[in-house]
Amino acid sequence: MPEGHTVHRTANKFAKLFANKQLEVSSPQGRFTDSRLVSGQQLVSADAIGKQMFLFFEHAVVRVHLGIYGKWRFANFDDTAPVPVGQVRARFLSETAVADLVGPTACEVIDSDQVALVQARLGPDPLRQDLDGLELARFLAKAAKTRVAIGQFLMNQAAIAGIGNVYRAELLFRQGINPHLPTNLVPTELLEKIWQDASFLMQIGVKKGIMLTREGHLNGRPALADRYYVYKREGLPCRICGAEVSLELMSTRKLYWCRTCQK
DNA sequence: TACTCATGAGCAA
DNA sequence: TGCTCCTGAGTAG
């Protein structure tokens, strides 16, 4: 489920498994021909900003973006690495562990200048430590300048990095905000709440590996049907007021919301 | 077996 | 706004 929390979780796992190890990098599927540019190098670190992951090798960086379909598969082994299954774009192999990447939108080798370019176009990430409040300030500054609907604004990775369709719907529901409200008309206190809630929920997502958004259901592993307030619940009664949950398209993406709770 | 759908985003017009 | 790309799970027939 590739929203920002998945990517941060993967970066942590990658660092834990592979940091300071020499990796054999290959492309079983054949489409990641640049794998040879990093194969044989040590992995220095793994980092995530929003939905982008960066694998820093000694002399180059691998940038990965999962898109909708992308997935990582990790495995430990004693003697022989498991045979790749399906369309494995990239395989990262140490002596005892393997990470297979399937179906990413992007998997490429870039240099530090290109890393800086990608990072510059990304907005603040609620999962990055923000002790001095600068990330929040960046978010508020961007929000103050745009009349785009808040539902659309939250999907813009240059506005806030890491939010996807699920968190967008659930964050707006939790704060009772109409997704069509122009962003510059959303009171600052509410924008701050959205930011803090995103940070809170996404940290849970990183820890648990699944998206949880319902009060009283933030622990354990609730079934998919019990996990969200509005996401994928069109036509069903709102869990708070009982009104029918609405579904509409907002810039080609499905938007779920409750017209009664989100005035 | 064939078809549909999905948590995303870049690009052209 | 519409088209395109990427893969696999679920469902209809």
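Model, not experiment: these values are computed from the prediction. The figures that follow rest on heavy atoms only: side chains count, while hydrogens, waters and symmetry mates do not. Each chain gets a letter, A, B and so on, in the order its sequence line appears, and its residues count up from 1.
Rounded to whole angstrom, the span from the CZ atom of A:Arg63 across to the C1' atom of B:dG8 amounts to 12 Å. Rounding to whole angstrom units, CD1 of residue A:Ile160 and C1' of B:dG8 are separated by 16 Å. Rounded to an integer number of Å, the gap from A:Arg121 CZ to B:dC11 C1' is 13 Å. As rounded to whole Å, 12 Å separates atom C1' of B:dA6 from atom CE of A:Met155. Distance A:Gln152 CD to B:dG8 C1': 15 Å, rounded to the nearest Å. Atom CG in A:Leu255 sits about 13 Å away from atom P in B:dG8, given to the nearest Å. The interatomic distance linking A:Leu224 (CG) with B:dC5 (C1') rounds to 14 Å, in whole Å. Rounded to whole angstrom, the span from the CG atom of A:Leu247 across to the P atom of B:dC5 amounts to 12 Å.
Annotation for A:Gln41: atom CD counts as buried by contact number, over 12 foreign heavy atoms lying within 6.0 Å.
C:dG13 and B:dC5 have their P atoms separated by 13 Å, with the value rounded to a whole Å. Going from the P atom of C:dC5 to that of B:dA13 covers 15 Å, rounded to whole Å.
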Item to check | Contact state string [nucleotides 5-10 of chain C, B base, S sugar-phosphate only, - no protein heavy atom under 4.0 Å] | outcome: -BBS--
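Judged by distance alone, the side chain of A:Arg89 and the main-chain N or O of A:Phe32 form no donor-acceptor pair under 3.5 Å. Without hydrogens or angle criteria, A:Tyr228 side chain to A:Tyr167 main chain gives no donor-acceptor distance under 3.5 Å. Of the possible polar contacts, one joining the A:Gln157 side chain to the A:Ile163 backbone as a donor-acceptor pair under 3.5 Å is found.
By the 4.0 Å N-to-carboxylate-O rule, A:Asp100 lies too far from A:Arg73 to be salt-bridged with it.
Side-chain nitrogen and oxygen atoms of A:His65 include at least one within less than 4.0 Å of the OP1 or OP2 phosphate oxygen of B:dA9. Between A:Arg253 and B:dA6, a side-chain N or O to OP1/OP2 separation shorter than 4.0 Å is absent.
Here the options are A:Glu170, A:His180, A:Gln262, A:Glu248, the test is side-chain hydrogen bond (donor to acceptor under 3.5 Å, both in side chains), and the partner is A:Trp257; only A:Glu248 passes.
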Item to check | Residues A:Trp72, A:Phe92; criterion ring pair (Phe, Tyr, Trp, His ring centres under 6.0 Å); working and verdict | outcome: CA-CA 11 Å; A:Trp72 284 99; A:Phe92 299 81; 5.8 Å; yes
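Listed candidates were B:dG8, B:dA6, B:dG10. Nearest to the side chain of A:Asn165 is B:dG8.
Heavy-atom distances to DNA chain B give each of A:Lys254 and A:Gln157 a nearest nucleotide, and the one nearer the 5′ end belongs to A:Lys254.
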